[in-house]
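Just follow the structure's listing: the first ligand is 1, and inside any ligand the first atom is 1.
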Amino acid sequence: MQKITIIAGARPNFIKVAPFIHAIQKAQELKAPIQYRLVHTGQHYDAKMSDTFFTELNIPLPDANLACGGGSQAEQTAAIMIAFEKELLANPAELVVVVGDVTSTMACSIVAKKSQTKVAHIEAGIRSFDLTMPEEINRMVTDSITDYFFTTTELANENLRKAGIEEERIFFVGNIMIDTLLKNLPRFAKPAVFDSLHLTPKNYLVMTLHRPANVDEGAVLKELIQEIVTNVDELPVIFPIHPRTAAIFSALGIGAPNLHIVDPMGYLEFNYLVLHAKAVITDSGGITEETTVMGVPCITLRNNTERPETCSIGTNELIGTNPANIAPALKKLFEGKWKKGAIPPLWDGHTAERIVAHLSVLKNG
Ligand code: UDP
């Protein structure tokens with residue numbers, strides 16, 4: 001029996017593990033000798049950042065919750081490592097599967113590797129080369145000790161080859177987040193705010209901001225938001241606010257008639273809103289991939305991205321974090337000059353199946 005422990009800690013992780021678990025369950029129905037244990041580190045613990053996704057995306061309840069929420073980068077990393085070491089000792093696995101680039105990804109991969117347990121990383125190899133982002137450090141550390149790399153793009157493969165990873169350990173399987181998107185597209189649900197604000201398709205924008213560079217300094221956040229709301233032709237801007245951003249936002253006294261702050265939304269309602277939006281303004285990584293697949297214009301307030309295909313192939317454009325770049329980007333959007341974009345190879349909804357097929361070969365190989 002192949003025993004796998006799957007790690008999930010934060011919102012984007014839940015969206016990535018859902019199809020993986022469903023593909024394992026399907027393999028189990030076909031009598032594949034594979035067993036999994038789902039460990040939630042507790043990094044995101046707010047119901048709106050965690051529980052909602054388990055219910056909506058039909059993710060089984062975690063077998064263990066390490067309850068390691070809050071704290072600084074180091075405190076959280078340490079807490080997760082201490083708790084996961086105990087967890088793995090009590091419940092040994094042959095393989096620990098980590099996803100994405102959050103603190104839990106890095107902390108659990110270190111613990112697994114030091115316990116002589118093989119590590120697989122889903123969404124391996126992507127790089128922004130920006131070490132001011134905690135996520136980039138998480139990616140680099142994780143990939144330096146990963147055994148099996150499941151990648152989303154050819155560029156990720158290339159990054160890994162350049163780091164000296166042998167071809168046999170790189171598996172180009174596509175984008176697992178898009179499995180979730182394509183599977184749930186028919187289930188997208190109109191949020192209450194759509195009717196209460198009398199929104200109509202392509203007549204509003206969606207905004208999400210949570211990266212430290214944009215939200216940790218009140219004056220920066222204020223300027224960015226003011227520049228956005230005054231350059232959107234008075235269209236409503238819906239802003240589901242990340243807890244990190246909410247912590248600073250309330251003290252800033254930002255308000256505009258067309259700015260609508262809402263709580264973080266469930267996956268099905270959020271993506272309904274994105275699908276019908278005129279454009280999305282964001283600093284998220286995952287959202288740039290989802291807008292690319294849905295063909296929705298995406299303006300990214302970052303200077304770099306670990307997902308350059310969303311720009312070179314998709315609908316995303318990086319405009320940096322300088323507020324002066326916002327008005328020209330929105331002008332282009334409102335003049336109807338935004339690029340159309342296409343979908344990168346293997347972002348086709350079958351990534352999880354490919355990963356599970358590889359796992360059985362790894363076991364027998
Ligand atoms: N998302 C959501 N509700 C929201 C905002 C985002 O369900 O209110 C989803 C979004 O569709 C995507 C993921 O959360 O799948 C992105 O998470 P986040 O931006 O926190 O992380 P990043 O991708 O930047 O690591």
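- Below 30°, between 30° and 60°, or above 60°: for Phe54 and His40 the angle between ring planes is below 30°, a parallel geometry.
- Annotation: atom 13 (C) of ligand 1 to nearest protein heavy atom, Ile15 CD1, 3.7 Å.
- Between Glu269 and ligand 1 there is no heavy-atom distance shorter than 4.0 Å.
- Of the polar atoms of Gly286, at least one N or O is found under 3.5 Å from an N or O of ligand 1, judged by distance alone.
- Aromatic ring pairs are classed by plane angle as parallel below 30°, tilted from 30° to 60° and perpendicular above 60°; the pair Tyr267 and Phe188 is perpendicular.
- Not one N or O of His242 is nearer than 3.5 Å to an N or O of ligand 1, by distance alone.
- When hydrogens are left out, the protein atom nearest atom 1 (N) of ligand 1 is Phe270 CD2, 3.6 Å; that is the closest non-hydrogen contact.
- Close approach of ligand 1 to Phe53 (heavy-atom distance below 4.0 Å) involves ligand atoms 7 (O).
- Of all atoms in ligand 1, numbered sequentially from 1 with element shown, those under 4.0 Å from a heavy atom of Pro240 are 8 (O).
- Close approach of ligand 1 to Pro264 (heavy-atom distance below 4.0 Å) involves ligand atoms 8 (O).
- At least one N/O-N/O distance between Asn271 and ligand 1 falls below 3.5 Å.
- Backbone and side-chain nitrogen or oxygen atoms of Arg11 are examined, and one is located within less than 3.5 angstrom of a nitrogen or oxygen of ligand 1.
- Between Asn304 and Asp130, the side chains place a donor N or O and an acceptor N or O closer than 3.5 Å (distance only, hydrogens not considered).
- No hydrogens or angles considered: a donor-acceptor pair under 3.5 Å links the side chains of Ser128 and Glu136.
- Residue contacts with ligand 1 include Arg211, since one of its heavy atoms falls under 4.0 Å from the ligand.
- Annotation: side chain of His242 is not in contact with side chain of Leu209 (no heavy-atom distance under 4.5 Å).
- For ligand 1, the atoms lying closer than 4.0 Å to a non-hydrogen atom of Met177 are 12 (C), 13 (C), 15 (O).
- Residue Glu290 has at least one N or O atom closer than 3.5 Å to an N or O atom of ligand 1.
- Between Met265 and ligand 1, at least one pair of N/O atoms sits closer than 3.5 Å.
- Each of Phe149 and Trp347 belongs to its own hydrophobic cluster when Ile, Leu, Val, Met, Phe, Trp and Tyr are linked at side-chain heavy-atom distances under 4.5 angstrom.
- At a 4.0 Å heavy-atom cut-off, ligand 1 does not touch Glu135 at all.
- The shortest N or O to N or O distance between Gly285 and ligand 1 is below 3.5 Å.
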